[in-house]
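Notes follow the structure.
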Amino acid sequence: MPEDHDTSKTDGRLSSLRTGLARTSPKRLRILTLGRSFLWQLVLPRVVVLLTWALLNTVVVLPMRLLYALVLIDALLLLWQARCFLRSADAHIRDTGHLAPVWGGYLAILFAGFATVTLWWDAILIATAPVEPDYAEQERLAREALYDLSITPDGRRLIFAGEIPHGLTRRIEAMMENAPSLREVALSGPGGLIYEARGVARLIRERALDTVAEGTCASACTLIFAAGRQRRLATEGALGFHAYALDFPGGLPQVDLKREQARDRAFLIEQGISAGFADRLFATASSDLWMPDADELWREGVLTRP
């Protein structure tokens, strides 16, 4: 005969086992949910966002409107992350009563918030910082600081005072193109680069402009002066001449000063200046300055108007 089993005891053990599983599984599930929330909803997204901010702050200057929009979106994302973790933390405390993992998550939220706000502030400082000109722009500004250049309100006179640096021809040409009524160029200055003076002289000849020395116009400045259709001295005007020189102690092998002076001697004679005056000009040492009076300048054809 088959033996009878005590089914009541077996059912009791199974019921106890199911109850035990029901009590333990949710706890383990809640702990896992807290860990997943910490990793997938808090840590990993925030790390990606922080790295993105750091990269943007390094390689680009964001427009202010775009920057404020990104900060707003990131702030909403951070609030959502904190809310998700807090919900998981509440469930974890309710089911397990363990506070240590939750406090660790709170500290992580505080750190993430501090790091995020720091990168936001860095981005704002970068976006609002004054833009430093690049090297080429700094050089251009430094050259333009060597002289004053303007056109009178009536558009008839261009006034130049100062040294003649690289880039002057291009700048004067741009100003002349916007001044169709220009008639006269007023000059004063100690000279500068010969090739730039030649460029400005060419612009004056092409437009048949008059020139006037309003102050002392010396060295390369006189080459510009000589290009005028009509040439005169103002009350305080004077002209100073000397031979050419290189600013390089050892000289430049590709530059022949005698040939350069012969080229400009021919230009002066073409402008009506006597050959004898041009010869004396280039016979004056580059360390000296020959300043003939107005009468001599008139006799030798340098001035066309007394």
Side-chain angles (χ1 to χ4, degrees), residues 133 136-247 260 264 267-268 271 273 277 281 284 286-294 296-298 300 302-306:
E137 181 66 9
Q138 290 178 4
E139 288 294 301
R140 184 186 68 80
L141 293 174
R143 291 192 298 268
E144 292 184 0
L146 298 174
Y147 61 85
D148 293 321
L149 184 65
S150 62
I151 293 180
T152 55
D154 61 6
R156 297 180 63 84
R157 300 182 79 230
L158 184 147
I159 302 173
F160 171 81
E163 294 186 27
I164 303 171
H166 174 72
L168 179 63
T169 303
R170 183 179 302 175
R171 189 177 180 201
I172 288 182
E173 183 175 19
M175 295 180 70
M176 286 182 173
E177 289 177 354
N178 295 321
S181 300
L182 194 63
R183 293 294 179 268
E184 186 177 65
V185 177
L187 301 165
S188 62
L193 301 178
I194 290 296
Y195 69 88
E196 286 290 346
R198 288 171 177 167
V200 178
R202 172 182 56 80
L203 296 175
I204 291 173
R205 289 188 67 184
E206 288 175 351
R207 291 163 175 78
L209 302 176
D210 299 337
T211 54
V212 54
E214 292 200 330
T216 299
C217 176
S219 189
C221 179
T222 60
L223 195 62
I224 300 176
F225 177 84
R229 183 178 60 88
Q230 298 291 327
R231 304 182 292 271
R232 64 185 179 90
L233 293 180
T235 303
E236 302 296 327
L239 298 176
F241 302 90
H242 61 190
Y244 295 168
L246 292 173
D247 289 334
E260 298 301 323
D264 290 334
F267 167 75
L268 295 175
Q271 288 296 104
I273 297 172
F277 186 92
L281 184 167
T284 303
S286 60
S287 57
D288 295 333
L289 191 65
W290 172 40
M291 301 185 69
D293 59 28
E296 184 175 3
L297 293 172
W298 167 255
E300 302 295 336
V302 180
L303 302 180
T304 61
R305 295 165 57 185

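Sequential numbering from 1 along the given sequence is applied to the chain's residues. The figures here come from the full heavy-atom set of this structure, side chains too, leaving out hydrogens, waters and symmetry mates. As the structure is a computational prediction, the values presented were derived from the model and not from experiment.
Rounding to the nearest 0.5 Å places CG of Asp154 at 9.5 Å from CG of Leu182. Once rounded to the nearest 0.5 Å, the distance linking CD of Glu300 with CG of Leu268 reads 12.0 Å. A distance of 13.5 Å separates CG of Leu158 from CZ of Arg156, quoted to the nearest 0.5 Å.
Relative ring orientation between Trp290 and Phe277 is described as tilted, the plane-to-plane angle lying within the 30° to 60° band.
The salt bridge (charged side-chain N to carboxylate O under 4.0 Å, His left out) check on Glu296 picks up Arg280, with sequence neighbours excluded. Ala227 meets the side-chain contact (heavy atoms from CB on, under 4.5 Å) test with Ala201, Ile204, Arg205, Phe267; sequence neighbours excluded. Listed by chain and number, the residues in a side chain to side chain donor-acceptor pair (under 3.5 Å) with Arg207 amount to none (sequence neighbours excluded). Annotation: side-chain contact (heavy atoms from CB on, under 4.5 Å) contacts of Arg229 (sequence neighbours excluded): Ala208, Asp210. Qualifying side chain to side chain donor-acceptor pair (under 3.5 Å) partners for Thr216, counting only residues two or more places apart in sequence or in other chains: none. The side chain to side chain donor-acceptor pair (under 3.5 Å) search around Ser286 returns none, not counting sequence neighbours. Residues passing the side chain to side chain donor-acceptor pair (under 3.5 Å) test with Arg157, sequence neighbours excluded: Glu184, Glu214. Listed by chain and residue number, Thr284, Ala285 satisfy the side-chain contact (heavy atoms from CB on, under 4.5 Å) test with Asp288 (two or more places apart in sequence, or in another chain).
Of all heavy-atom pairs between Thr169 and Arg202, the closest is CG2-NH2, 4.0 Å. Pairing each heavy atom of Ala238 with each of Leu233, the nearest pair is N-CD2, 4.0 Å. The two residues Ala234 and Val212 make their nearest non-hydrogen contact at N-CG2, 3.8 Å. Residues Leu193 and Pro165 share a closest heavy-atom pair of CD1-C, 3.7 Å.
Pairs passing the ring-ring contact (aromatic ring centres under 6.0 Å, His included) check and including a residue from residues 187-206, sequence neighbours excluded, do not occur. Applying the salt bridge (charged side-chain N to carboxylate O under 4.0 Å, His left out) test to residues at least two apart or on different chains, the pairs with a partner in residues 191-201 are Arg198-Glu260, Arg198-Asp264.
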Counting only pairs under 3.5 Å, give me each side-chain donor-acceptor contact of residues 219-226, with atom names and distances, residues two or more places apart or in other chains.
{"from": "Ser219", "atom 1": "OG", "to": "His242", "atom 2": "NE2", "distance (Å)": "2.9"}
{"from": "Thr222", "atom 1": "OG1", "to": "Ser219", "atom 2": "O", "distance (Å)": "2.5"}

For residues 171-181, dump all side-chain donor-acceptor pairs below 3.5 Å to protein atoms at least two apart in sequence or in another chain.
{"from": "Arg171", "atom 1": "NH1", "to": "Tyr147", "atom 2": "OH", "distance (Å)": "3.3"}
{"from": "Asn178", "atom 1": "ND2", "to": "Ala174", "atom 2": "O", "distance (Å)": "3.3"}

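For Arg305 (side chain) and Arg232 (main-chain N/O), no donor-acceptor pair under 3.5 Å exists by modelled atom type.
By the 4.5 Å heavy-atom criterion applied to side chains, Phe160 and Leu168 are counted as neighbours. The shortest distance between side-chain heavy atoms of Thr152 and Ile159 falls below 4.5 Å. In this structure the side chain of Arg231 reaches within 4.5 angstrom of the side chain of Ile273, judged on heavy atoms.
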